[in-house]
Amino acid sequence: MAAQPTRTAAADVRARVRAILAELERRGSERVRVQMREQFGIHAEKAWGVPMSGIHAVAKVHGRDHALALALWETGWYEARTLCAFVDEPQRVT
């Protein structure tokens, strides 16, 4: 049986998600949102327009963390869900 995360661990993940979302929002731009739609056909309702280089930079800081990836996915933000591909632990993805 897998151990359940403690409240402290869950609170830490929530705090990290809030910080990451704020960072992604700061890195976003209208120019990139337009480019996402017009050049790449990405029509996401919840998107800030963060270029992939920005997503890679955020991923590098946070490293691999399955719980973080799950929490980021649940936000529904396009960039947060893209970030999941770089922070999740491949052996734990099902």
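The analysis underlying the following values was restricted to heavy atoms, covering all of them including side chains, and did not include hydrogens, waters or symmetry mates.
- The shortest side-chain heavy-atom distance between Arg16 and Asp12 falls under the 4.5 Å cut-off.
- The backbone N or O of Ala67 lies less than 3.5 Å from a partner atom in the side chain of Asp65, making a donor-acceptor pair.
- Here the CZ-CD1 distance, from Arg81 to Ile55, works out to 13.5 Å after rounding to the nearest 0.5 Å.
- Using a 4.5 Å cut-off on side-chain heavy atoms (C-beta onward), Arg64 and Pro90 make contact.
- Nearest heavy atoms, Met36 versus Ala47: CE-CB, 4.0 Å.
- Lys46 places a side-chain N or O within donor-acceptor distance of the main-chain N or O of Thr75, the cut-off being under 3.5 Å.
- No single ILVMFWY cluster, assembled from side-chain heavy atoms under 4.5 Å apart, contains both Trp77 and Val32.
- Glu79 contributes a side-chain N or O that, together with a main-chain N or O of Gly49, makes up a donor-acceptor pair within less than 3.5 Å.
- Distance CG/Leu72 to CZ/Phe86: 12.5 Å, rounded to 0.5 Å.
- Under the 4.5 Å side-chain criterion, counting only non-hydrogen atoms from C-beta, Thr82 is in contact with Met52.
- Side-chain heavy atoms closer than 4.5 Å link hydrophobic residues (I, L, V, M, F, W, Y) into clusters, and following such links, possibly through other members, connects Val13 to Val58.
- No more than 12 heavy atoms of other residues, nucleotides or ligands sit less than 6.0 Å from atom CD of Glu45.
- Within the 3.5 Å criterion, the main-chain N or O of His66 finds no donor-acceptor partner in the side chain of Arg92.
- Heavy atoms only, all atoms of each residue included: Cys84 and Ala69 are closest at SG-O, 3.0 Å.
- A heavy-atom distance below 4.5 Å is found between the side chains of His62 and Leu68.
- When each of Val87, Val61, Leu83 is paired with Ile20, the side chain to side chain contact (heavy atoms under 4.5 Å, CB included) condition holds for Leu83 and for no other.
- Panel note: side chain Arg33, backbone Trp48; a donor-acceptor pair is recorded below 3.5 Å.
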